[in-house]
Chemist: 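What follows is a single structure, and I will ask about it in a moment.
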Amino acid sequence: MRWSQYLILLLITSLMGLVSCRSYQRPFDRAKDGQLLSRTTEERVSLKQSCRKYPAYIPDESVDGQLVPERVIKINYHIMNSSDTSHAFLAEMATPYVQELTRQMNIKLANNLAMSLPAAQGTPVLPTRLRLEISPIPGMFWDDGIYYHFDDELYTYVHTGRNRNNSDMRVINKYAIQPDSVLNIFILPHHPDSVISPTYRATGVGIALGKSIKLSGLIRTGLPPSEFAGMTLHEIGHILGLGHTWRYSDGCDDTPYHPNCFYPGEPPCDSLISNNVMDYNHWQQAWTPCQLGQAHRNLSRRTGTGRSLLKRDWCQPLDGKDLVIRDGQIWEGEVDLFGHVEIADGGHLTIRCEVSFPEGAYLLVQPGGTLVIDGGLLTNDCGLPWKGIILGCKGSRCGHVQLTENAEIQFVESTDAVSH
Ligand SMILES: [Zn+2]
């Protein structure tokens, strides 16, 4: 063989080598690429239950923390008054008052406190990842989300005694605005007849009813909005599914029983004083990991009662929110993602519940990476198109995907593979 023939042979061999190691990407084809993972009915049922457990929804600082994003809860306010406006809580005073109340609540939410009870020492202090936003009716530029009603029949609040009406829904049914998608907060004065009674305590009080709240005592006490931020957050906690902690089972091991002291005082209130949001106390500013897990479970689960109150900000991608999985991870909660996901060489991701990808996002499984959809659902929660699963390949070696028969993939746009 002449040297020129050797050269040509060498060139062909090198080109073949290049072709066989070429890196490329292509859309995942379930029929051709998906390896079936078989599960018994009992296994399927038990795995589905994991989506309901609160630990998967506890915010933390790890990469898993990105699975529990900041949630914005939409609120509005209703200021109730008599037709003679005898309660002097009119717009020039009430509008800045409730705006400040909202600001004070957000300050408390952004500054979670360590639990003060001795039995809860060492409980981790996690970011609450909760925020409130006053939300007018969409498209109504003149609306500020703060409403005034003058109604002699329904403007008062009575929390004890024969004429007790705190759980009466009529004022809510009559005046709530966007009741399914906004948390409506009603501010009512204590009834004038109750206020003059020596046995009636016309202090700051509240009650959560469905997705609405009734509050009273804010004006009469003459105290600033900051004094009622904890009380209002307590009622919002109820709407998010949280219970009282002091002598009830609230489903949390990190909220010990205690005497429920409002202020420090005589024993046992000299030391056993709680600052937890779901107790009655002056601070109401500590949220335990379990309570946050329960609240975020309510907001993340598609069946959660509070989810409809959220600003739906997860259907479009956000910069800086892509995830790269390099280790072994199991996602056991229902998740709203804000970017692409890449499973790197050596990474292993198991998805057991519903995961929403933002519009246009993809789930890329690199060669050497493994994706297991174990009964989960990959979708866009708003029904918008996303790119679905993309396999990264090197030669004939592609990312590996295993799925159960009941695993579902929805709203994938039909398009060519992304490549880079
Ligand atoms: Zn309560």
Side-chain angles (χ1 to χ4, degrees), residues 75-105 108 132 134 145-177 179 182-240 242 244 260 262-263 277-284:
I75 60 172
N76 66 26
Y77 289 97
H78 301 263
I79 317 298
M80 299 304 300
N81 211 328
S82 54
S83 56
D84 63 0
T85 70
S86 58
H87 292 275
F89 200 44
L90 297 172
E92 59 275 19
M93 179 188 169
T95 293
Y97 193 97
V98 295
Q99 285 167 339
E100 178 62 12
L101 175 63
T102 309
R103 200 178 75 87
Q104 292 292 337
M105 286 195 280
K108 280 186 186 275
L132 305 168
I134 301 179
I146 303 165
Y147 310 103
Y148 292 82
H149 311 288
F150 302 89
D151 187 319
D152 289 333
E153 194 194 351
L154 298 176
Y155 81 98
T156 63
Y157 188 99
V158 183
H159 66 113
T160 51
R162 196 162 39 87
N163 297 317
R164 176 176 164 155
N165 70 358
N166 56 348
S167 56
D168 187 335
M169 292 288 289
R170 280 181 302 163
V171 69
I172 295 169
N173 294 339
K174 186 167 178 185
Y175 292 111
I177 291 180
V182 177
L183 195 163
N184 282 247
I185 302 174
F186 287 79
I187 297 180
L188 312 96
H190 288 288
H191 196 288
D193 295 344
S194 305
V195 172
I196 54 173
S197 158
T199 54
Y200 188 86
R201 294 184 66 234
T203 52
V205 284
I207 188 165
L209 298 162
K211 292 180 185 177
S212 298
I213 288 172
K214 287 163 76 173
L215 300 175
S216 189
L218 283 74
I219 315 157
R220 195 190 133 75
T221 53
L223 295 168
S226 54
E227 290 296 309
F228 301 106
M231 178 181 95
T232 313
L233 284 172
H234 175 102
E235 301 308 333
I236 293 174
H238 282 312
I239 289 179
L240 300 182
L242 302 186
H244 293 150
N260 202 26
F262 195 84
Y263 280 121
V277 64
M278 294 316 294
D279 299 325
Y280 294 157
N281 60 71
H282 180 64
W283 302 272
Q284 294 177 304

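The shown structure was predicted, so the numbers you read here are calculated from the model rather than taken from an experiment. All values below were derived from every heavy atom in this structure, side-chain atoms included, with hydrogens, water molecules and symmetry-related copies excluded.
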Chemist: Can any side-chain N or O of Asn166 pair as donor or acceptor with the backbone N or O of Arg164 at less than 3.5 Å?
Modeler: no
Chemist: Any chance you could lay out the side-chain contact (heavy atoms from CB on, under 4.5 Å) test for Leu209 and Met169, step after step, and finish with the verdict?
Modeler: CA-CA 8 Å; Leu209 298 162; Met169 292 288 289; 3.5 Å; yes
Chemist: Do any N or O atoms from the side chain of His234 and from the backbone of Val277 form a donor-acceptor pair under 3.5 angstrom?
Modeler: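 Yes.
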Chemist: Measuring only between side-chain heavy atoms, which start at C-beta, is Ile187 closer than 4.5 Å to Val98?
Modeler: yes
Chemist: How are the rings of Tyr200 and His190 set relative to one another: parallel (under 30°), tilted (30 to 60°) or perpendicular (over 60°)?
Modeler: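 The rings of Tyr200 and His190 stand perpendicular, inter-plane angle above 60°.
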Chemist: For residues His244 and Tyr280, determine if any side-chain heavy atom of one lies less than 4.5 Å from a side-chain heavy atom of the other.
Modeler: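 Side chain of His244 against side chain of Tyr280, heavy atoms only: contact under 4.5 Å found.
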Chemist: Indicate the atoms forming the closest heavy-atom contact of Met105 with Ala229, along with that distance.
Modeler: CG-O, 3.6 Å
Chemist: Tell me the closest heavy-atom pair linking Ser216 and Pro189, and the distance in Å.
Modeler: OG-C, 3.5 Å
Chemist: Calculate, to the nearest 0.5 Å, the distance between atoms CD and CD1 belonging to Gln99 and Ile134 respectively.
Modeler: 5.5 Å
Chemist: Locate the shortest heavy-atom distance separating Met80 from Leu154; write the atom from each residue and the value.
Modeler: CE-O, 4.1 Å
Chemist: Roughly how far, to the nearest 0.5 Å, is NZ of Lys211 from CD1 of Ile236?
Modeler: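 Output value for this atom pair is 14.5 Å.
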Chemist: Report the distance from atom CD1 of Ile79 to atom OH of Tyr155, rounding to the nearest 0.5 Å.
Modeler: 15.0 Å
Chemist: Can you tell me how far the CG atom of Leu183 sits from the OG atom of Ser212, to the nearest 0.5 Å?
Modeler: 6.5 Å
Chemist: Please name the pair of heavy atoms, one in Phe262 and one in Trp283, separated by the smallest distance, quoted to 0.1 Å.
Modeler: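 Phe262 and Trp283 have their closest heavy atoms at O-CZ3, 3.9 Å.
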Chemist: Does His238 reach the side chain of Ile213, with side-chain heavy atoms less than 4.5 Å apart?
Modeler: no
Chemist: Once rounded to the nearest 0.5 Å, what's the spacing between atom CG of Asn76 and atom CD1 of Ile146?
Modeler: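 Between atom CG of Asn76 and atom CD1 of Ile146 there are 9.0 Å.
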Chemist: Are the side chain of Asn165 and the backbone of Val158 linked by a donor-acceptor contact shorter than 3.5 Å?
Modeler: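 Answer holds: yes.
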Chemist: Using side-chain contact (heavy atoms from CB on, under 4.5 Å), reason through Thr160 and Arg201 one step at a time and then give a plain yes or no.
Modeler: CA-CA 9 Å; Thr160 51; Arg201 294 184 66 234; over 6 Å; no
Chemist: Test Tyr175 against His149 for ring-ring contact (aromatic ring centres under 6.0 Å, His included), laying out the working first.
Modeler: CA-CA 8 Å; Tyr175 292 111; His149 311 288; 4.1 Å; yes
Chemist: Report yes if some heavy atom in the side chain of Tyr157 is under 4.5 Å from a heavy atom in the side chain of Val171; otherwise report no.
Modeler: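 SC-SC contact between Tyr157 and Val171 ruled out.
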Chemist: Is a donor on one side and an acceptor on the other found under 3.5 Å between the side chain of Lys108 and the backbone of Ser226?
Modeler: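 No; zero donor-acceptor contacts below 3.5 Å.
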Chemist: Quick one, His159 and Ile207 - any side-chain contact, counting heavy atoms below 4.5 Å?
Modeler: no
Chemist: Ignoring hydrogens, what is the shortest heavy-atom contact between Phe186 and Leu188? Give both atom names and the distance.
Modeler: O-CD1, 3.7 Å
Chemist: In Å, rounded to the nearest 0.5 Å, how long is the span from OH of Tyr148 to CG of Asn81?
Modeler: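 Going from OH on Tyr148 over to CG on Asn81, the span is 10.0 Å.
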Chemist: With heavy-atom distances below 4.5 Å as the criterion, would you say the side chains of Thr156 and Pro192 are in contact?
Modeler: yes
Chemist: For the pair Asp279 (side chain) and Asn260 (backbone), establish whether a donor and an acceptor sit closer than 3.5 Å, ignoring hydrogens and angles.
Modeler: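 Side chain of Asp279 to backbone of Asn260, a donor-acceptor pair under 3.5 Å: no, none is there.
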Chemist: Less than 4.5 Å apart, any side-chain heavy atom of Glu235 and any of Ile239?
Modeler: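 Side chain of Glu235 against side chain of Ile239, heavy atoms only: no contact under 4.5 Å found.
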Chemist: Is a side-chain donor or acceptor of Lys214 paired with a backbone partner of Asp168 at a separation under 3.5 angstrom?
Modeler: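 Pair found, side chain donor or acceptor close to backbone of Asp168.
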Chemist: Taking C-beta and beyond as the side chain, do Thr232 and Leu215 meet within less than 4.5 Å on heavy atoms?
Modeler: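 Yes - at least one pair of side-chain heavy atoms lies under 4.5 Å apart.
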